[in-house]
Each structure stands twice: as C-alpha cells, then as structure tokens.
Amino acid sequence: PEAAGAGLPLGEDEAAKRSDAHAAYESLSQSGPAARDAIPTIAEGLNAGRQWTCVIAARALARIGPAALPVLVDALRHGSPAGKAGAVEGLAQLGPAAGEAAPDLAAALKQKELRQEAAKALAEIGIAAAPAAPALLECLSDPDYRFRAEAASALAHVRPGSPEALSALIDMLDDSDRQDGSCVQA
C-alpha cells in the first residue's frame with residue numbers, strides 16, 4: 001500500500017489500521033439503518049481526506065439510509081476534495097431519498113472536479129432532484145460535449161417529458177457545431 005497521494009509506502013501498522021477501518025465501514029454498512037448510531041463515527045472517515053477511505057465511508061453512510069443525508073450534504077458543502085467526491089457518490093446511492101440535496105448538487109455542477117459525478121447523482125435521484133433542473137439546463141451550453149451529454153441525460157431523469165427539457169434536448173440535436181446528438185440519452 002501507498003500513502004495517499006504521496007506514492008510512499010505505508011508502514012505495516014498504518015496499512016493494517018486502514019484495512020481494519022475499511023472492514024469496519026463495510027461491516028457497519030451491511031447493517032443498514034440499524035447502524036444509525038454509527039453515523040458520527042463513519043462521518044469522521046468521510047472527512048479523513050484520503051480518497052479511498054472517503055469513498056468507503058460514503059458508501060457505508062448511503063447504505064445506512066436517509067438518516068445519513070445531513071452528513072453527506074455537510075461533506076459536500078464543507079469537506080475535503082476527497083470528502084466532497086465521496087459525498088456525491090453517497091448521495092447518488094441514496095437515490096430519490098437524497099432529493100433535498102439537489103441544490104447542493106446543482107452547485108457542484110460548477111466545480112470542475114465534481115460536475116460529471118454530480119450530474120450522474122442528479123440522474124440517480126431522479127424527479128426528486130427537480131430543483132436542479134435550471135442548473136442542468138445551463139450545463140447544456142457547456143463547451144465540454146461529454147459533460148453536456150451527462151447533463152442532458154440527468155435532465156431527462158430529473159424532468160422527464162417537461163417542455164423546457166425536451167426543447168433543450170432537441171436544440172442539442174439540432175446544433176451541428178456540437179456534434180454530440182448521438183450521445184444524448186433521453
């Protein structure tokens with residue numbers, strides 16, 4: 001194992017501690033909502049700053065369920081870069097139960113390192129993320145065609161059949177300069 005981001009070998013004790021912590025997060029997450037009392041402890045892992053630990057902690061929180069929503073939203077707002085990325089993944093796993101996080105995920109659409117995954121999370125949340133539709137509509141004019149396609153897909157899940165979403169998606173197909181009509185998944 002290597003130290004996060006440093007490429008330096010971890011000492012055996014450090015590696016063992018991480019392995020134990022990851023196993024504990026995984027075991028707690030298997031308990032689902034019954035592990036609700038462990039949310040504060042798992043939240044520490046989400047804020048640890050180490051990418052893999054943050055991801056495992058976020059997954060554990062998502063499996064506990066909606067009771068973990070405030071912790072995930074707080075990490076998205078105030079966490080380390082790894083904690084924010086983990087929070088986005090956890091919110092996506094919560095699906096429609098994370099609907100109240102839509103405004104925070106909409107804000108994440110403006111952060112280059114989070115925007116692709118934030119769009120995917122909004123798609124997973126579906127119509128419960130309707131408050132994020134205006135932000136997704138704005139994303140359809142982004143210069144990055146891959147991100148536009150992800151935002152279009154999310155919009156189709158967040159506002160299925162809405163006139164403004166359909167109009168924006170049709171405009172994407174009609175815009176020959178963008179050449180991403182084949183990527184739109186409505």
- Task: Kindly determine whether R115 and D144 satisfy side-chain contact (heavy atoms from CB on, under 4.5 Å), including the steps that lead there.
- Result: CA-CA 11 Å; R115 67 189 196 154; D144 180 347; 3.5 Å; yes
- Which residue pairs pass the salt bridge (charged side-chain N to carboxylate O under 4.0 Å, His left out) test with at least one member in residues 79-88, sequence neighbours excluded? none
Who passes side chain to side chain contact (heavy atoms under 4.5 Å, CB included) against [X], sequence neighbours left out?
X: A67; result: R36, I39
X: S162; result: R159, E164, A165
X: A102; result: L122, A129, P131, A132
X: A121; result: V88, A92, L105

Side-chain donor-acceptor pairs under 3.5 Å in residues 55-65, sequence neighbours left out?
residue, atom, partner, partner atom, Å
R59, NE, E89, OE2, 2.7
R59, NH2, E89, OE2, 3.3
R63, NH1, E26, OE1, 3.3
R63, NH1, E26, OE2, 3.0
R63, NH1, S29, OG, 2.9

- Do L114 and W52 belong together in a cluster built from hydrophobic side chains that touch within less than 4.5 Å? yes
Closest approach of [X] to [Y] (non-hydrogen atoms, all atoms of both residues):
X: N47; Y: A75; result: OD1-CB, 4.1 Å
X: A154; Y: A123; result: CA-CB, 3.7 Å
X: F147; Y: D142; result: CD2-CG, 3.6 Å
X: C54; Y: A82; result: CB-O, 3.5 Å
X: A87; Y: L46; result: N-CD1, 4.1 Å
X: A135; Y: L109; result: CB-CD1, 3.9 Å

- Close side-chain approach of I125 and V158, heavy atoms under 4.5 Å: no
- Item | More than 12 heavy atoms from other groups under 6.0 Å of CD on Q93 | yes
- Is a side-chain donor or acceptor of S141 paired with a backbone partner of E138 at a separation under 3.5 angstrom? yes
